[in-house]
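Just below is one structure, and these are the notes that go with it.
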2 protein chains.
Amino acid sequence: MPTSLPSDGIDKGGADAALFRPVRAGNAFEETVERVLQAIRLGVVRAGERLPSERELAVRLGVSRMTLREAIRSLQEAGYVESRRGRYGGTFVSEPARSARPVGAAPSAEELDDVLCLRTVLETGAAEAAANRTLAPQARRHLRACLDECAGSPGDAYRRTDSRLHLAIAEATAAPSLIAAVADVRTRLNAMLDAIPLLPPNIEHSNAQHTMIVNAILDGDPTVARRAMAEHVDGTAALLRGFLR
Amino acid sequence: MPTSLPSDGIDKGGADAALFRPVRAGNAFEETVERVLQAIRLGVVRAGERLPSERELAVRLGVSRMTLREAIRSLQEAGYVESRRGRYGGTFVSEPARSARPVGAAPSAEELDDVLCLRTVLETGAAEAAANRTLAPQARRHLRACLDECAGSPGDAYRRTDSRLHLAIAEATAAPSLIAAVADVRTRLNAMLDAIPLLPPNIEHSNAQHTMIVNAILDGDPTVARRAMAEHVDGTAALLRGFLR
DNA sequence: GTTCAAAGGATCCCATTCAGACCTTTGAGG
DNA sequence: CCTCAAAGGTCTGAATGGGATCCTTTGAAC
């Protein structure tokens, strides 16, 4: 019985699975594509905007320029970006003419629970942490701008502006690791949301909750901010569980 | 003025910094060393226990066996593990004879705030999420065992058993990503804790708080679990801020 | 004491990735 | 109109990493 060595047999309860998870999600090229795509899909760089120059972006992403260029080339071929040469050139995000919802495989129940749990922890925590800070005027404006943009978004842009708003809340915490974690969990969430329809009543409801959350943050009320975010997140969770199970 | 291109000038507030962060922290070898070291330092594999076989671990970490072997070899040379050949052999964690606190550079104020903010969000969230679940008897036993082991730890083992307990709380959420996130933030926290002394009164206080947290989780009281964890985490935060600023 | 399976140890070859240098394009400003 | 700086485009050699195969060691079971 190979699983009963003297040193085994102790409850590792998933901690070792978490620690001995893959060191890298894919090769450098794939991860670079994913990261740039993430920035586009989360609305951090919008249509018409320019990505950092290849040289700068390669340094920031910690990959060689060659690898970054290959990633950009495949994004070009997929219609996500366009490059222009010459001074004041660069790589620009294209208008999202692509429709045809990229129907991924339905997530497993474990994956769903995992994402929803992590999301609840991160986003309610971020809302509370943001409300605990005294925000700079610029940060307050940014938050409000994201809220307004999301509320006024047509259906086909809603996912992006919604993501951008949630990211803005994380940004208000001024904790880079938390921002990155929220961005990552949001990306996983969006992949799941792509598998279910976007219903107008849900949008209405979301917008009202967004307003509550942002107001609580701007008012510096962490308790309300957390509770409002918890309700908001629970709504999405119920929606997803309803459609995917 | 190169920063005032038509598409720039918009507030990116740190979101792009979070998204355009390095794709990989180092080369495969370095990351592999770090990961295995993390498992040892967090007490997930304890002295005398065996790591998974090279072939299995290489698959789980997503690196080639060659790379993993190089990582293990440097850990051998550093005295962390020993390998034995033959059937029923393997790579075993050594007794922690190493002392000589590895005095790293003092963390920057930004890094300190970042870690403490993320830690608060993750660990209070994990405590609440854990209390919301009905735990299997095995999970309950594991939690209690980690609590007892931590409470009975001598000073030189306290950091490890303390880490193990916090990880056990995350495990109780059954959300792999959350476990991994807690493990990572704990590793960063430990690096900072290594720079400050371990005081007996703090240990006493920690133990009392640990008991409160675990009891609340076992009783299924998320509100108390969160609040107790928040107090516990705030205590460490105050300690660190006091010593490092 | 022979056998055998499972573990670490070693080696090959090839794809990926990197670092750096260089070329080409382009528009603003002199 | 010319210059120049900054951007994308290209190339090459070296380093890294991965996949596969085989060897060696070891203790349990028969």
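Convention: sequence-line order gives letters A, B, ...; per-chain numbering from 1. Just so we're clear, the structure is a prediction, and the values are computed from it rather than from any experiment.
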Sugar-phosphate only, base, or nothing, as touched by A/R55 at under 4.0 Å among non-hydrogen atoms: base
Touch class at under 4.0 angstrom, heavy-atom based, for B/G26 against every strand present: nothing
Main-chain N/O of B/L19 paired to A/R35 side chain as donor or acceptor, under 3.5 Å: yes
Side-chain donor or acceptor of A/R46 paired with backbone N/O of A/I40 under 3.5 Å: no
How close or far is atom [atom2] of [N] from atom [atom1] of [X], stated in whole angstroms?
X     : N      : atom1 : atom2 : value
A/L51 : D/dA6  : CG    : C1'   : 16 Å
B/E54 : D/dT24 : CD    : P     : 17 Å
B/R84 : D/dT24 : CZ    : C1'   : 17 Å
B/R24 : C/dC18 : CZ    : C1'   : 12 Å
B/E31 : D/dG18 : CD    : C1'   : 16 Å
A/R50 : D/dA6  : CZ    : P     : 12 Å
B/E82 : C/dA7  : CD    : P     : 19 Å
A/E30 : D/dG17 : CD    : P     : 17 Å

Proximity to DNA chain C (any heavy atom under 4.0 Å), residues of residues 63-72 of chain B only: B/R65, B/M66, B/R69
For A/R241, all residues meeting salt bridge (charged side-chain N to carboxylate O under 4.0 Å, His left out), sequence neighbours excluded: A/D113
A/T161 side chain to A/E149 side chain, donor-acceptor N/O pair below 3.5 angstrom: no
Donor-acceptor pair between B/S83 and B/T91 side chains, under 3.5 angstrom: yes
B/D162 and its side chain to side chain contact (heavy atoms under 4.5 Å, CB included) partner, picked from B/C146, B/S153, B/C150: B/C150
Short side-chain N/O contact to C/dT17 OP1/OP2 from A/N27, under 4.0 Å: yes
A/S53 side chain near D/dA6 phosphate (N/O to OP1/OP2, under 4.0 Å): no
Please tabulate the protein-to-nucleotide N/O contacts below 3.5 Å involving nucleotides 26-30 of chain D, giving atom names and distances.
from: D/dT26; atom 1: O2; to: B/R87; atom 2: N; distance (Å): 2.8

Selection residues 63-85 of chain A - residue pairs positive for salt bridge (charged side-chain N to carboxylate O under 4.0 Å, His left out), sequence neighbours left out: A/E54-A/R65, A/E54-A/R69, A/R73-A/E77
ring-ring contact (aromatic ring centres under 6.0 Å, His included): pairs with one or both residues in residues 157-192 of chain B, sequence neighbours excluded: B/H166-B/H210, B/H166-B/H232
Contact list for residues 47-67 of chain A, test ring-ring contact (aromatic ring centres under 6.0 Å, His included), sequence neighbours left out: none
